[in-house]
Amino acid sequence: MPSVAEKSAKERFLTKDTTGFVDESVAAEELSKTFKALPILDMAMYDGTPEEKAQFLQQLRDVFLQVGFMYIKNHPIPADLMNSQYEYIKKVFALPREEKLKFAIEHSPHFHGWNELGKEVTYGKTDMREMLVSGFELPGKAPDEPNWRNAVGPNNWPSEEVLPGFRAQNEAYIEAAYKAARKLLAAVSETLELAPDELENIFLDKQRPNHLFGQNHYPHVNVGEHPEYAANLGDAEHIDDPVILTLLAQDLVGGLQVQNYDGDWINVKPIPGTIVVNTGSFLQFITGGRYVATSHRVCLNTSGMDRYSWPFFLIPRLDGPRIWPALPEDKIPEYVKQNARQAKDRYEQLDFNLRVAKNVGEYAFYVKSMKSYPQATALLYPGFDWKAELGISPEDAKKYL
Ligand SMILES: O=C(O)CCC(=O)C(=O)O
Ligand SMILES: [Fe+2]
């Protein structure tokens, strides 16, 4: 009998044997910026006794200061909704290509819909995944509004005939994830000794909730047969931006890695029943770099199985400033100031991206969508030069983008 540690992810997945996952996480008390695994926090404590709640907030604060990533158990997304989302993700990506092309992002001025494998490019390299991007059902830009209002808009779903119930399931999941994200944001507010709704009132556009739901399929890649992909990733290194918090659900295959302060890539082993939550760029901005938005990536999937993940991104209001001002220093709790690992290096990394757009909408629409989906952009907005629109010189574009 192989020990738990020797069992492959495939064996664990197929037998649903999940022992051995939990012991690879660290207790919240042992957190450090050179973490070797992610902590597990129990969200039931937030609704528990005053002592439990205080302990939860302390742990959450330490996670934001040291790691920027955690597993959350007893989270508010109902288990049956989570499971049915997983079943539907497998179905939607299993549709024939000609069906998927009918709801491809090339039909959506908001870049909502299916994005084929090979069409997402990060720093000149293809991310080895296909995606389905959606959000709340919102109107696109009104005639008198600026172009960046098209960063969100109507969804682009498969038809009811092709995949009955998919739209209703997704709408229910998006609602539940949004509710969970707002509850977490209330807790974040409390870690900063602010009223629970203070960050939500600052950051969120509640009339036009411009949050995004991503569904990712990372197909198995046989590098023996396709050595040309050996150096590609499933999703290239990045921080989530423009994002406040990300709530990621994933299957049991694994592949997500998070970078610690030494630069080591740490595997985020899937833990059943948990979601992975991480800090986006905007919590980093508002805390003056104290709450770290941590780099992460997804490895090329060579597991022999398909991997699926479905992140919900809580995104700041589109008309809010790209460089979100930090809270005044006297509003930042002493504990936060004294225990911060400081994310200045990451500020510098972001510097160019910060300067090019004046607000969140411009950044989301031009830099995120148009830059990531060049083929769809050429079809949807022929001749449009988003770099010129943002005043980016060809030299800067070459150097930074
Ligand atoms: O698929 C994953 O595990 C992570 C995906 C991710 O980081 C993202 O979409 O921003
Ligand atoms: Fe991410």
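FYI, side chains are in, hydrogens and waters are out, and symmetry mates aren't considered; it's all heavy atoms of this structure. All figures in this text were calculated on a predicted structure; none of them were measured in a lab. Counting starts at 1 for both ligands and their atoms, following the listed order.
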Which N, O or S atoms belonging to the protein are less than 2.8 Å from the Fe ion (ligand 2)?
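Protein N/O/S atoms under 2.8 Å of the Fe ion (ligand 2): H238 NE2, D240 OD1, H296 NE2.
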
All ring-ring contact (aromatic ring centres under 6.0 Å, His included) counterparts of H110, not counting sequence neighbours
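ring-ring contact (aromatic ring centres under 6.0 Å, His included) list for H110, sorted by chain: empty.
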
Results of ring-ring contact (aromatic ring centres under 6.0 Å, His included) for F136 - residues two or more places apart only
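Here the qualifying residues are Y178.
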
For the pair Y88 and F166, name the ring-plane relationship: parallel under 30°, tilted 30 to 60°, perpendicular over 60°.
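Because their plane-to-plane angle is over 60°, the rings of Y88 and F166 count as perpendicular.
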
Give the ring-plane orientation class for F282 versus F285, where under 30° counts as parallel, over 60° as perpendicular and anything between as tilted.
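If you compare the ring of F282 with that of F285, the planes turn out perpendicular.
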
Any side-chain donor-acceptor pair under 3.5 Å between N216 and D235?
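No, no side-chain donor-acceptor contact under 3.5 Å.
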
Measure and list all N/O to N/O distances between ligand 1 and the protein that fall under 3.5 angstrom.
{"unit_1": "ligand 1", "atom_1": "1 (O)", "unit_2": "Y218", "atom_2": "OH", "d": "2.7"}
{"unit_1": "ligand 1", "atom_1": "1 (O)", "unit_2": "R307", "atom_2": "NH1", "d": "3.1"}
{"unit_1": "ligand 1", "atom_1": "1 (O)", "unit_2": "S309", "atom_2": "OG", "d": "2.7"}
{"unit_1": "ligand 1", "atom_1": "3 (O)", "unit_2": "R307", "atom_2": "NH1", "d": "3.2"}
{"unit_1": "ligand 1", "atom_1": "3 (O)", "unit_2": "R307", "atom_2": "NH2", "d": "2.8"}
{"unit_1": "ligand 1", "atom_1": "7 (O)", "unit_2": "H238", "atom_2": "NE2", "d": "3.2"}
{"unit_1": "ligand 1", "atom_1": "7 (O)", "unit_2": "H296", "atom_2": "NE2", "d": "3.1"}
{"unit_1": "ligand 1", "atom_1": "9 (O)", "unit_2": "R129", "atom_2": "NH1", "d": "3.4"}
{"unit_1": "ligand 1", "atom_1": "10 (O)", "unit_2": "H238", "atom_2": "NE2", "d": "3.0"}
{"unit_1": "ligand 1", "atom_1": "10 (O)", "unit_2": "D240", "atom_2": "OD1", "d": "3.2"}

Is the distance between the ring centroids of W386 and F365 under 6.0 Å?
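Not close enough - the centres of the two rings lie 6.0 Å or further apart.
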
Can you confirm if the aromatic rings of Y86 and W310 lie within a centre distance of less than 6.0 Å?
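Yes - the distance between ring centres of W310 and Y86 falls below the 6.0 Å cut-off.
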
For a 4.5 angstrom cut-off between non-hydrogen side-chain atoms, does E198 reach L192?
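No, every pair of side-chain atoms sits at 4.5 Å or beyond.
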
State plainly whether the residues D319 and R208 are in salt-bridge range, i.e. N to O under 4.0 Å.
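Not counted as a salt bridge, because no side-chain N and carboxylate O are separated by less than 4.0 Å.
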
